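The structure appears right after this line, and notes come after that.
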Amino acid sequence: MKILLVEDNEYDVKLALHELESLPNKPEIKIVDKEKDFQKALKEFMPDVIITDYVLPDFDGMRALKISLEHDPFLPVIIFTGSINEEVAVECIKAGATDYVLKSNYKRLPFAVKEALGKREALIQKIEAERKLKESENLFRTLAETSIIGIYLLKDWKFVYVNDGFLNIFGFSRNETINKLGPLDLVTPEVRDYLEQNLVERLGGKVDKVNLILKARTKKGQEIFIEVFSRVIELNNEKHIIGAVIDITDRVLSEIEVQKSELLFRTVWENSMDAMRLVDENGIVVKVNQAYLSLFKVTEDQVLNKPFYLVYDESSYNENITQFSERIKTNSIPPKIEMDMTLWNKEKIYIEARNKILFIDNKKYVFTIFRDMTERRKYEMELIKAKEEALEMSRLKSNFLANMSHEIRTPLNGMIGFSELLKEQLNGEYKEWATIIHNGSLRLLETLNTILDYSQIEADKVIPYLTEFDVKDLTENVVRLFSQVAHKKGLSLNFYCNLKNNRVKCDEKLYRRIATNLINNAVKFTFKGEVNVILTEDDGNFILRVQDTGIGIPEDKFDYIFLEFRQVSEGLGRQFEGTGLGLTIVKKYVEKLNGKIEVRSKVGEGSTFTVYLPKNC
Ligand code: ADP
């Protein structure tokens, strides 16, 4: 401890020193009696306490006090004086002296020093405490002002303090809020009663702290969800509620969304007709739905947390089961499998499984949807059987037709030959009857041939036999076959050919049939005008075009007439004879020869059938 003693009287110095040396830790003492030395000592010696005489030759105690206070307002100054009246003493204390000691009572000096130092310490501590308080007050104020959390202080049901965070949440200004609004004005009507009750209980001292989630309304009327933390505090002997508000609308809404989608998922999962199963990467069943339990005839206890394959009989442990772990590791689980499986209870089912690899919390799972295809499979098998039977029937039919044709053709040939002979030998009425028999037999032969050709097509037995022939000659011959009929009907039947080379490589028999059928139809469906048969060519094809000025075909029947047995005029009232097979055969033959057929027609004006066939089939 350092003491600066300001004293000019030698005896007083001695007395003071004597007393002061009794202080513990033996203080370091410096003695001055002039203002200049005093100033210097203040700076260099840096005393902890000053003891100064009141009357000095060069300056006085009051001045020393003033200088000292200016230097350090906390430095204790004790006035040590021989004579001082009350007034001066009070003046000194007022001016900032810590204490005064009468020289007659010099023994008090050490106590005065101790006391002054104690006071100084206490003062410094008080100031420090005040500074700290102010600092923390500032800190909390800044925190409150900058917080996005709404902070409020409530007194007598009205807000007396709110921060910006609070204003931002509800959208009111501070003026609109302070002393005007209370919590009941901010919540939605349905929670008002509850909140009022709660506030009454708290202010009545029943509850101290609360944490509430409430539905509130902003100034604009928008509904929001808030979470409030608050407690009752005493401020100036009055009850206040201090609290924090957080806008949790986004959180609540997303929770509601999650709940909704969870509900949706659960509804789908539980009510799905398809069996669903989730297994982890080790093939352990994590979740199954009701449909799964029904399909595999098991209870949850039998499958959950167990290997997925336990629902199958060992005889059904296929590669999908034995290689499950490798497949899941390499992501090669097949997305769709159909399989015949035997269940644990030996029941056989045919199931379709659709797999999808999922990641949940970074873990791999396989989600599978099963569909029981047993019934469909049965149905498919029946269909396949029915188709095979139908094919067999068709084969039988072809055989039957081939046999029948032989049986019919033999007597028919006799009828044709002999009726022709009779036609030549007989006269008059008999000749006419023989002609009718001859023509009828020819028509019967034609019909028989058509049916046979068709049955060949049906049995897929048409194999083109390619030879080179003169297509002009062949076509002209066919045309000639119809000249008599055409002539009888008063039609002009013409043949034109502008081929550069008449020789083509094609199936002669099939081509003849195509030409015959088309010309036959043209003559059959034409009553006046002409039928033109034209042979022409383009790059790779020779083209047979049969034009007539007949009854024509409605446009919506263009495709229809190529179907077997189909005719524009059908049923009992049909106006034309024929089987409805001619164009079917033509189309099939054209296709067999890698060609194509086109039809253009207008009802009442006529039709044109055009066949394109490769010159070199
Ligand atoms: P069919 O002549 O034996 O009845 P097709 O298969 O040859 O059988 O012809 C089917 C139908 O197409 C005919 O019944 C007829 O209604 C129509 N048709 C075919 N060619 C012509 C044509 N040149 N003019 C008008 N109608 C035609």
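Both counts, for ligands and for their atoms, begin at 1 and track the order of listing. None of the values given here were measured: they were computed from a predicted structure.
- V568 N, 2.9 Å is the protein heavy atom nearest to atom 16 (O) of ligand 1.
- Scanning the protein heavy atoms around atom 13 (C) of ligand 1, the nearest turns out to be F525 CZ, 3.5 Å.
- Ring-plane geometry between F576 and F525 is classed as perpendicular, the angle between the planes exceeding 60 degrees on a 0 to 90 degree scale with a lower cut at 30.
- Remark: the N355 side chain and the R327 side chain contain no N/O donor-acceptor pair separated by less than 3.5 Å.
- Residue-to-ligand polar distances keep I553 apart from ligand 1: every N/O pair is separated by 3.5 Å or more.
- Using a 4.0 Å cutoff on heavy atoms, F562 does not count as a contact of ligand 1.
- Atom OG1 of T608 is separated from atom CG of D548 by 7.0 Å, given to the nearest 0.5 angstrom.
- For the side-chain contact (heavy atoms from CB on, under 4.5 Å) with K378, the qualifying choice from M381, E375, E380 is E375, the only one to do so.
- Proximity of K524 to ligand 1 is established by a heavy-atom distance of less than 4.0 Å.
- Against a heavy-atom cut-off of under 4.0 Å, L581 is close to the following atoms of ligand 1: 6 (O), 8 (O).
- Other residues, nucleotides and ligands contribute at most 12 non-hydrogen atoms within 6.0 Å of the CD atom of E314.
- Rounded to the nearest 0.5 Å, atoms CE (M276) and CD (E270) are 8.5 Å apart.
- Regarding atom 4 (O) of ligand 1, its nearest protein heavy-atom neighbour is Q567 NE2, 2.6 Å.
- A salt bridge does not link E281 with K363: every distance from a Lys NZ or Arg NE/NH1/NH2 to an Asp or Glu carboxylate oxygen is 4.0 Å or more.
- Distance from atom 7 (O) of ligand 1 to its nearest protein heavy atom, with residue and atom name: N521 ND2, 2.8 Å.
- Those atoms of ligand 1 that come under 4.0 Å of a heavy atom in G578, given as number and element, are 3 (O).
- Residue contact check for ligand 1: N517 places no non-hydrogen atom closer than 4.0 Å to it.
- Looking only at heavy atoms of the protein, atom 8 (O) of ligand 1 is closest to G580 CA, 3.1 Å.
- Under 4.0 angstrom from ligand 1, there are no non-hydrogen atoms of F576.
- To the nearest 0.5 angstrom, S316 atom OG is 9.0 Å from M339 atom CE.
- Atom OG1 of residue T536 and atom CZ of residue F542 lie 11.5 Å apart, to the nearest 0.5 angstrom.
- Residue R566 has at least one heavy-atom neighbour below 4.0 Å for each of these atoms of ligand 1: 10 (C), 11 (C).
- The G552 neighbourhood of ligand 1 comprises atoms 25 (C), with distances under 4.0 Å to a heavy atom of that residue.
- The closest protein non-hydrogen atom to atom 6 (O) of ligand 1 is L583 N, 2.8 Å.
- For L304, the side-chain contact (heavy atoms from CB on, under 4.5 Å) test picks out V285, V288, E300, with sequence neighbours left out.
- Within the structure, every pair that satisfies the salt bridge (charged side-chain N to carboxylate O under 4.0 Å, His left out) test and touches residues 583-602, not counting sequence neighbours, is listed here: D460-K592, K587-E591, K596-E598.
- Counting atoms of ligand 1 from 1 in the listed order, those under 4.0 Å from a heavy atom of I561 are 6 (O), 10 (C), 11 (C), 12 (O), 17 (C).
- Counting the atoms of ligand 1 from 1 in the order shown, those under 4.0 Å from a heavy atom of D548 are 22 (C), 23 (N).
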